[in-house]
*Asks:* 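Once you've had a glance at the structure underneath, I'll fire off some questions.
All figures in this text were calculated on a predicted structure; none of them were measured in a lab.
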Amino acid sequence: QVQLVESGGGLVQAGGSLKLSCAASGSTGSINVMRWFRQAQGKERELVARIGSGGGTMYADSVQGRFTISRDNAKNTVYLQMNSLKPEDTAVYFCNARVFMTDYWGQGTQVTVSS
């Protein structure tokens, strides 16, 4: 069992930065992959970034070069550093942890980018 809690969302002007955090608790030693998703109003949920158990990362084309995913295993926390934010980045951002064949989700945190 894994519990995830996101934080760090908020309102920011275009061009600004935010850093999201996702704190994991429970059976954190079994987490293989952690991912950030987002869902804008009226749109499908999309994968934003992924970090594997070996540290490899992957990003959606829309955020490549602007967002950075990282993890601190000692703190059982994954981060999403978001720079050069655009209005189209506005969405609810969700943290996901994969444990074997099971996915766990946080409650989501709202990111709003104004023009």
Side-chain angles (χ1 to χ4, degrees):
Q1 185 73 259
V2 173
Q3 294 77 230
L4 303 173
V5 179
E6 301 101 331
S7 62
L11 175 64
V12 65
Q13 289 184 299
S17 298
L18 285 173
K19 187 174 184 178
L20 306 183
S21 298
C22 174
S25 61
S27 301
T28 57
S30 297
I31 295 175
N32 296 313
V33 176
M34 298 195 75
R35 298 178 288 183
W36 285 98
F37 290 82
R38 69 185 182 187
Q39 186 166 18
Q41 188 176 42
K43 297 184 178 180
E44 295 182 341
R45 182 183 63 179
E46 65 173 337
L47 175 63
V48 175
R50 175 201 299 157
I51 185 164
S53 59
T57 59
M58 185 280 299
Y59 300 92
D61 290 342
S62 59
V63 306
Q64 184 74 239
R66 300 187 297 119
F67 291 11
T68 302
I69 187 171
S70 62
R71 63 193 299 172
D72 185 337
N73 291 329
K75 296 182 177 180
N76 296 315
T77 302
V78 64
Y79 304 94
L80 185 68
Q81 177 67 51
M82 306 185 295
N83 299 323
S84 302
L85 284 162
K86 305 174 181 179
E88 49 264 44
D89 295 319
T90 296
V92 177
Y93 284 71
F94 297 92
C95 180
N96 165 269
R98 176 157 290 174
V99 182
F100 300 108
M101 299 300 294
T102 303
D103 284 340
Y104 296 89
W105 296 88
Q107 80 287 353
T109 185
Q110 176 70 46
V111 172
T112 302
V113 184
S114 62
S115 300

*Asks:* Rounded to the nearest 0.5 Å, how far apart are OG of Ser21 and CG of Leu4?
*Replies:*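 Interatomic distance, Ser21 OG to Leu4 CG, rounded to 0.5 Å: 12.5 Å.
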
*Asks:* Got a second to check how far Ser115's OG is from Gln13's CD, nearest 0.5 Å?
*Replies:*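 The CD atom of Gln13 is 10.0 Å from OG of Ser115, to the nearest 0.5 Å.
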
*Asks:* Using modelled atom types only, decide if a donor and an acceptor are shared between the side chain of Gln39 and the backbone of Glu44 within a distance under 3.5 Å.
*Replies:*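 Not at all, since once roles are kept as given, no pair shorter than 3.5 Å links the two residues.
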
*Asks:* Less than 4.5 Å apart, any side-chain heavy atom of Arg66 and any of Asp89?
*Replies:*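 Yes - at least one pair of side-chain heavy atoms lies under 4.5 Å apart.
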
*Asks:* Give me the atom names and distance for the closest heavy-atom approach of Tyr104 to Val2.
*Replies:*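 Closest approach of Tyr104 to Val2, heavy atoms only: CD2-O, 3.3 Å.
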
*Asks:* So, taking the atom named CG in Asn83 and the one named OG1 in Thr68, what distance separates them when rounded to the nearest 0.5 Å?
*Replies:*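 Atom-to-atom, Asn83:CG and Thr68:OG1 are 6.5 Å apart.
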
*Asks:* Which atom names give the shortest non-hydrogen contact between Ile31 and Ala24, and what distance separates them?
*Replies:*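 Closest heavy-atom pair between Ile31 and Ala24: CD1-CB, 4.1 Å.
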
*Asks:* Give a yes or no on this: more than 12 heavy atoms of other residues, nucleotides or ligands lie within 6.0 Å of atom CD of Gln107.
*Replies:*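 For Gln107, atom CD is crowded (more than 12 foreign heavy atoms under 6.0 Å).
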
*Asks:* Compare every heavy atom of Glu46 with every heavy atom of Ser62, then report the nearest pair and how far apart it is.
*Replies:*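 Nearest pair, atom of Ser62 first, then Glu46: OG-OE1, 4.4 Å.
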
*Asks:* Determine whether Cys95 and Trp105 satisfy the following criterion, side chain to side chain contact (heavy atoms under 4.5 Å, CB included), listing intermediate values before the conclusion.
*Replies:* CA-CA 6 Å; Cys95 180; Trp105 296 88; over 6 Å; no

*Asks:* Is there side-chain contact between Leu80 and Tyr93, with heavy atoms separated by less than 4.5 Å?
*Replies:*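 A side-chain contact under 4.5 Å exists here.
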
*Asks:* Quick check: closest heavy atoms across Ser17 and Gln81, and the distance to 0.1 Å?
*Replies:*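 Result for this residue pair: CB-NE2, 4.0 Å.
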
*Asks:* Under 3.5 Å, is there a donor-acceptor pair between the side chain of Thr90 and the main chain of Thr112?
*Replies:*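 Not a single qualifying donor-acceptor pair exists.
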
*Asks:* Using a distance-only test with no angle check, is there a side-chain donor-acceptor pair under 3.5 angstrom linking Asn73 and Arg71?
*Replies:*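 Checked: Asn73/Arg71 side chains pair up, N/O donor to acceptor below 3.5 Å.
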
*Asks:* Would the distance check show the side chain of Arg38 and the main-chain N or O of Val92 forming a donor-acceptor pair, the cut-off being under 3.5 Å?
*Replies:*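 Judged by distance alone, no pair lies under 3.5 Å.
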
*Asks:* CG/Leu20 to CE/Met82 distance, rounded to the nearest 0.5 angstrom?
*Replies:*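 Taking CG in Leu20 and CE in Met82, the distance rounds to 4.0 Å.
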
*Asks:* What is the distance from atom CZ of Arg35 to atom CG of Asp103, rounded to the nearest 0.5 Å?
*Replies:*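 If I round to the nearest 0.5 Å, the distance is 5.0 Å.
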
*Asks:* Decide side chain to side chain contact (heavy atoms under 4.5 Å, CB included) for Val78 and Ile51; before the verdict, give the C-alpha distance in whole Å, the side-chain angles of both, and the deciding distance to 0.1 Å.
*Replies:* CA-CA 9 Å; Val78 64; Ile51 185 164; 4.2 Å; yes

*Asks:* Please determine which of Phe94, Phe67, Tyr59 meets the side chain to side chain contact (heavy atoms under 4.5 Å, CB included) test together with Val48.
*Replies:*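 Filter result, single survivor: Phe67.
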
*Asks:* Sub-3.5 Å donor-acceptor pair from the side chain of Ser30 to the main-chain atoms of Thr28, do we have one?
*Replies:*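 Pair absent, no side-chain N/O of Ser30 close to backbone of Thr28.
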
*Asks:* Any side-chain heavy atom of Asn96 sitting closer than 4.5 Å to one from Met34?
*Replies:*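 A side-chain contact under 4.5 Å is absent here.
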
*Asks:* Taking the cut-offs as 6.0 angstrom to the six-membered ring centre and 45 degrees off its axis, would you call Arg45 and Phe37 a cation-pi pair?
*Replies:*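 Yes.
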
*Asks:* Measure across Gly52 and Val33 and return the closest heavy-atom pair with its distance rounded to 0.1 Å.
*Replies:*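 Taking Gly52 first and Val33 second, the nearest heavy atoms are CA-CG2, 4.2 Å.
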
*Asks:* Rounded at 0.5 Å granularity, tell me how far NZ in Lys19 sits from OG in Ser7.
*Replies:*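 Between Lys19 NZ and Ser7 OG, I get 10.5 Å after rounding to 0.5 Å.
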
*Asks:* Check Glu6 against Gly108 and note the closest heavy-atom contact, atom names and distance.
*Replies:*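 Looking at all heavy atoms of both residues, the closest pair is OE1-N, 2.9 Å.
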
